[in-house]
Amino acid sequence: MKCEKCNQNEATVFYKESVNGKVRSLHLCAACAAEQQSAHPFFSPSYPDNLLGELFGLAAHGKPHRDEARRCPDCGATWSDLLRDGKACCPKCYTAFADLLEPTVRQLHGNVTHAGRAPAARRAVREKESRLTELKRQLQEAVAAENYEQAAKLRDEIRGME
């Protein structure tokens, strides 16, 4: 496959990005990729070293400026290990480094809670919990507004669901 920019050399760098649901792919030779990287700092053929480093808080000179003394209690991984590998070493890493991961996950995905599909049984439980939370909020508002008839209806509906 030829480079999409110069149409002369063989493409060796394959870059794909998704911004607001629009996917863009580039197939570039090494020279055009280097030129693209200097123009756009987030474009990086060496993905874990540059892109994740920028997102997760590496300084421009490559030195971490975040808490390095902290370790995952389960696997012993450090923040540098996560940056180097581009992934968590174990499930506990997400808890151990939550405060460092949250801003980046929010920046990349728009939220830090899963809002995707779930098995039908779990989805039903989640919907019930959400409905109960909403009813309890409405109950508090009805009591605060001294609308006791509405509050009684909401109380009965909550009891029926619980």
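For Glu4, the side-chain contact (heavy atoms from CB on, under 4.5 Å) partners at least two apart in sequence or on another chain are Leu26, His27. Glu134 meets the side chain to side chain donor-acceptor pair (under 3.5 Å) test with Arg137, Gln138; sequence neighbours excluded. In this structure, the side-chain contact (heavy atoms from CB on, under 4.5 Å) partners of Tyr148, at least two apart in sequence or on a different chain, are Glu146. Glu102 pairs by the side chain to side chain donor-acceptor pair (under 3.5 Å) definition with Arg106, not counting sequence neighbours.
Using a distance-only test at 3.5 Å, with no hydrogens or angles considered, no donor-acceptor pair links the side chain of Glu10 to the main chain of Cys3. No donor-acceptor pair under 3.5 Å is formed between the side chain of Lys5 and the backbone N or O of Cys32. A distance-only check finds a donor-acceptor pair linking the side chain of Arg70 to the backbone of Ala96 [under 3.5 Å]. With Thr133 contributing its side chain and Glu129 its backbone, the two residues share a donor-acceptor pair below 3.5 Å.
Once rounded to the nearest 0.5 Å, the distance linking SG of Cys75 with CG of Asp81 reads 8.0 Å.
Scanning both residues, Thr78 and Phe97, for their nearest heavy atoms gives C-CZ, 3.6 Å. Taking both residues in full, the closest heavy atoms of Val143 and Ala151 are given as CG2-CB, 3.9 Å, listed atom of the first, atom of the second, then distance. The nearest pair of heavy atoms linking Cys93 to Cys89 is SG-N, 3.6 Å.
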If you look only at distance, which donor and acceptor atoms sit under 3.5 Å apart when one is on a side chain in residues 152-162 and the other is two or more places apart or in another chain?
unit_1: Glu157; atom_1: OE2; unit_2: Arg131; atom_2: NH2; d: 2.8
unit_1: Glu162; atom_1: OE2; unit_2: Lys136; atom_2: NZ; d: 3.3

Tyr94 vs Leu82, side-chain contact (heavy atoms from CB on, under 4.5 Å): CA-CA, chis, key distance, verdict: CA-CA 10 Å; Tyr94 293 103; Leu82 187 136; over 6 Å; no
